[in-house]
Amino acid sequence: MFIYFKLASMSEENINVKEILDFYILSGVEETCGDIAFSCVKKDVLPKADRKIHSHLAFDTKEALESAYDLCDRVSSIDELKTLVENFEGCSLKTTALSTVMGDGNPNAKLMFIGEAPGADEDRIGRAFVGRSGQLLDKMLASIGLNRENCYICNILPWRPPGNRAPADAEIAVCLPFLKKQIEIVQPDIIFALGAVAVNTLLDNTDTISKLRGKWMEYKTENGKIVDVMAGYHPAYLLRTPAQKAKAWSDFLRLKKKMEQTTC
Ligand code: URA
């Protein structure tokens, strides 16, 4: 459940903020999700004051994005990138996350998986895809003879969105340089995008995962290298919707075939 409320206007209207917060805690609200209004709130229905917050956000995002690209230009290894991301202050998700979760697996692999964002287990442990979704991903990899030594597994976001909420567009935009840098360093021949957020971000499109999954597409890196890309259902979705596992299996068989052709 997401509740957006404005402390400032509440105190103006003489509303007891502590009582409201106590009420939310009693109702089962466990986490705060961010300090900005969500992009799912239509701009034209926002009160004037909030529209101001949105335009500030756009400015901050632009600055943070420029700084992220600038910093990425200075690193050339995954370890250096990890230190850089750990010290980056341009994304407020970092303030609520316990860990900065970078890629797992082999940075020299020719196959890269991209997920969405760390969940609670990944945030606690500091390693990508170690929770229930990760365990399913490990089984899917094993089903085509792979493990974490044969691939590199990362996320669009290095920080967990509080309460596992959907990432905001601004958060994705600010973290995109880190993903691009990982692709530049790892130089994969094949990328498998896990879920809509991953494929929509990577290929800059808005089609549904049901439409995009199972097809070979292409991604052009900053250096001009063409990488084969396939998208498939996210393991978290497969846990909720096991009937789709047959399609996931067929996507992984196509991946295996491509890897054999590409000599990964
Ligand atoms: N889901 C993701 O997309 N990434 C993780 O690391 C864990 C769960």
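Remember, predicted model here, so these are calculated numbers, not experimental data. Order of appearance sets the numbers: ligands from 1, and atoms from 1 within every ligand.
In Asn87, the CG atom is crowded: over 12 heavy atoms of neighbouring residues, nucleotides or ligands sit closer than 6.0 Å.
The aromatic rings of Phe88 and Trp159 lie parallel to each other, their planes meeting at an angle below 30°, with 60° marking the opposite boundary.
Here the protein heavy atom with the shortest distance to atom 4 (N) of ligand 1 is Asn155 OD1, 2.8 Å.
Atoms of ligand 1 found under 4.0 Å from any heavy atom of His234, numbered from 1 in the order shown, are 1 (N), 2 (C), 3 (O). Contact atoms of ligand 1 toward Ala128: 6 (O) (distance under 4.0 Å to a heavy atom of the residue). Listed by atom number, the atoms of ligand 1 under 4.0 Å from Glu116 heavy atoms are 2 (C), 3 (O).
Not counting sequence neighbours, the partners of Lys225 by the side-chain hydrogen bond (donor to acceptor under 3.5 Å, both in side chains) test are Asp189. By the ring-ring contact (aromatic ring centres under 6.0 Å, His included) test, Tyr219 pairs with no residue at all, sequence neighbours left out.
Close N/O approach between Ser133 and ligand 1 is not found [any backbone or side-chain N/O within under 3.5 Å].
For the pair Gly131 and ligand 1, no heavy-atom separation below 4.0 Å is found. Not a single heavy atom of Gly134 sits under 4.0 Å from any atom of ligand 1.
Within the model, atoms CG of Asn108 and CD of Gln187 stand 10.0 Å from one another, a figure rounded to the nearest 0.5 Å.
For Glu122, every heavy-atom contact with ligand 1 shorter than 4.0 Å involves the side chain, none the backbone.
Relative to atom 2 (C) of ligand 1, the option among Ala236, Ala117, Gly115 with the closest non-hydrogen atom is Ala117.
The side chain to side chain donor-acceptor pair (under 3.5 Å) test with Asn200 is passed by exactly one of Asn205, Asp207, Thr208: Asn205.
Side-chain contact between Asp251 and Met230 is present, with heavy atoms from C-beta onward closer than 4.5 Å.
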